[in-house]
Amino acid sequence: MSELTSLSSQQIRCPYCGAIADRYLLDISQFSEQIIQRCTADRFVTRTVCNHCDYLMVLCTKSDAVVETYMAGF
Ligand SMILES: [Zn+2]
């Protein structure tokens, strides 16, 4: 997932720990066929990454379907 090219990014509050996290807007074409089929209405997904608590959330922008989520150590 580190090869993904973000169209834009913004800083948000991590929904888990409240620290500053980065949210990236990504073109869905960079994801696997399985994910594209799960979010057929979407062209974009957001990827929220918090380096403070290792929170990771990947969401389809329109359908709000969770593509990938990860929380370390909790
Ligand atoms: Zn966090």
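We count ligands from 1, going down the list as the structure has it; atoms in each ligand are counted the same way. Note that these values count all heavy atoms, side chains included, but never hydrogens, waters or copies made by symmetry.
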Report task. Compare every heavy atom of Ser29 with every heavy atom of Ile36, then report the nearest pair and how far apart it is. Result -> CD1-CA, 4.2 Å

Tabulate below the donor-acceptor pairs under 3.5 Å that side-chain atoms of residues 49-58 make, not counting sequence neighbours, or state none.
none

Query raised in the report: How would you list, by chain and number, every residue that makes a side chain to side chain donor-acceptor pair (under 3.5 Å) with Ser9, sequence neighbours excluded?
Result: none

Report all side-chain donor-acceptor pairs from residues 17-25 shorter than 3.5 Å, counting only partners two or more places apart or in another chain.
from	atom 1	to	atom 2	distance (Å)
Asp22	OD1	Gln11	NE2	3.4
Arg23	NE	Thr48	OG1	3.1

Query raised in the report: Can you check whether Thr61 reaches Val45 side chain to side chain, under 4.5 Å on heavy atoms?
Result: no

**Report entry** Under-2.8 Å neighbours of the Zn ion (ligand 1), protein N/O/S atoms only
**Finding:** 4

Report task. Would you mind telling me which of Asp27, Leu26, Thr46 makes a side-chain contact (heavy atoms from CB on, under 4.5 Å) with Ser6? Result -> Leu26

